[in-house]
Amino acid sequence: QVDLKESGGGSVQAGGSLTLSCRASASFSVFGCFAWFRQTPGNGREVIGVMEKYGSITHITDSMRGRFIISRDDFTNTLYLHMKNLTPEDTAMYFCAADGGYCSASTTKSDSRFGHWGQGTQVTVSS
């Protein structure tokens with residue numbers, strides 16, 4: 001079992017930036033697909049973006065494109081979510097996810113696709 005652990009969440013003012021990290025307990029080589037999701041109370045998980053293993057092809061949800069970027073460091077087995085121009089609507093619990101199977105970044109949107117999850121990190125944006 002490979003564990004994922006997010007960090008970097010916290011409180012930030014609107015317009016600010018934040019970078020979340022997600023470190024795996026084992027090599028990223030076991031995964032074929034990576035993603036970030038977020039969730040607000042009473043709602044399901046919303047996909048932020050998905051990254052394919054090879055070529056790091058990434059697709060970011062339309063509403064967040066231009067503000068959110070996903071990157072990956074295979075040497076430290078860490079997935080990142082770089083966020084800028086944050087608004088109060090970005091307040092949520094943020095989760096990283098990974099799966100051993102390969103995926104198409106542009107068509108993968110469901111959280112059920114992913115078998116490995118972090119515990120989440122809270123991001124709160126104040127106006």
Side-chain angles (χ1 to χ4, degrees):
Q1 177 70 22
V2 180
D3 294 324
L4 302 175
K5 184 174 177 61
E6 302 95 338
S7 62
S11 297
V12 62
Q13 289 201 323
S17 301
L18 208 58
T19 293
L20 305 183
S21 302
C22 171
R23 185 152 190 178
S25 61
S27 171
F28 266 0
S29 64
V30 302
F31 297 128
C33 188
F34 305 85
W36 283 96
F37 286 79
R38 67 184 185 184
Q39 186 175 26
T40 53
N43 295 306
R45 290 171 178 161
E46 175 188 28
V47 65
I48 295 170
V50 177
M51 173 183 278
E52 300 177 14
K53 176 176 183 174
Y54 294 112
S56 295
I57 296 170
T58 305
H59 183 268
I60 302 293
T61 297
D62 288 350
S63 62
M64 302 174 218
R65 193 173 302 144
R67 296 193 304 122
F68 290 9
I69 295 172
I70 296 175
S71 67
R72 192 176 94 225
D73 185 339
D74 290 341
F75 291 101
T76 63
N77 303 310
T78 306
L79 187 72
Y80 296 97
L81 177 65
H82 308 274
M83 305 182 291
K84 67 178 182 180
N85 296 332
L86 288 163
T87 74
E89 288 68 37
D90 294 315
T91 295
M93 184 71 78
Y94 284 70
F95 298 89
C96 64
D99 195 79
Y102 299 115
C103 65
S104 167
S106 61
T107 60
T108 300
K109 303 182 189 304
S110 173
D111 60 355
S112 64
R113 173 67 177 74
F114 296 89
H116 297 267
W117 290 86
Q119 82 289 349
T121 186
Q122 177 69 35
V123 173
T124 302
V125 184
S126 58
S127 57

Over 60° means perpendicular and under 30° means parallel, so classify the ring planes of Tyr54 and Tyr102, tilted if in between.
-> tilted

Anything under 30° is parallel, anything over 60° is perpendicular, the rest tilted; go ahead and classify Trp117 against Phe37.
->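 The arrangement is tilted - the two ring planes meet at 30° to 60°.
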
Could you walk me through whether Phe31 and Leu4 pass the side-chain contact (heavy atoms from CB on, under 4.5 Å) test, one step at a time?
-> CA-CA 12 Å; Phe31 297 128; Leu4 302 175; 4.2 Å; yes

Under the side-chain contact (heavy atoms from CB on, under 4.5 Å) rule, what do Phe34 and Phe28 come out as? Steps first, then yes or no, please.
-> CA-CA 10 Å; Phe34 305 85; Phe28 266 0; 3.7 Å; yes

Contact summary for Thr91 and Thr40, nearest pair of heavy atoms = O-CG2, 3.3 Å

Compare every heavy atom of Ser127 with every heavy atom of Pro88, then report the nearest pair and how far apart it is.
->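 Reported closest heavy-atom pair: CG-CB, 3.9 Å.
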
Please walk me through it: do His116 and Gln1 pass side-chain contact (heavy atoms from CB on, under 4.5 Å)?
-> CA-CA 9 Å; His116 297 267; Gln1 177 70 22; 3.7 Å; yes

Candidates Gln122, Gln39, Met83, Glu6 - the one meeting side-chain contact (heavy atoms from CB on, under 4.5 Å) with Tyr94 = Met83

Residue from Ser104, Ser106, Cys33 passing side-chain contact (heavy atoms from CB on, under 4.5 Å) with Val50 | Cys33

About how many Å separate [atom2] of [Y] and [atom1] of [X], when rounded to the nearest 0.5 Å?
X	Y	atom1	atom2	value
Ser71	Leu79	OG	CG	7.0 Å
Ile60	Met51	CD1	CE	8.0 Å
Ile69	Thr58	CD1	OG1	9.5 Å
Leu20	Ile48	CG	CD1	7.5 Å
Lys53	Asp99	NZ	CG	12.0 Å
Ser25	Asn77	OG	CG	9.0 Å

Is Leu18 reachable from Met93 through a run of I, L, V, M, F, W or Y residues, each pair having side-chain heavy atoms under 4.5 Å apart?
->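 Not linked; separate clusters.
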
Examine Val123 and Leu81 and state if one hydrophobic cluster contains both, with Ile, Leu, Val, Met, Phe, Trp and Tyr joined whenever side-chain heavy atoms are less than 4.5 Å apart.
->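 In one cluster with Val123: Leu81, yes.
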
Show your reasoning for whether side-chain contact (heavy atoms from CB on, under 4.5 Å) applies to Arg67 and Asp90.
-> CA-CA 11 Å; Arg67 296 193 304 122; Asp90 294 315; 2.8 Å; yes

Do [X] and [Y] have side-chain heavy atoms sitting under 4.5 Å apart?
X	Y	value
Phe114	Arg45	no
Ser56	Arg72	yes
Phe68	Leu86	yes

Would you say Lys5's side chain and Gln119's backbone share a donor-acceptor pair under 3.5 angstrom?
-> no

Under 3.5 Å, is there a donor-acceptor pair linking the side chains of Ser63 and Thr61?
-> no

Does a sphere of radius 6.0 Å around NZ in Lys109 hold more than 12 heavy atoms from other residues, nucleotides or ligands, not counting ones at 6.0 Å or beyond?
-> yes

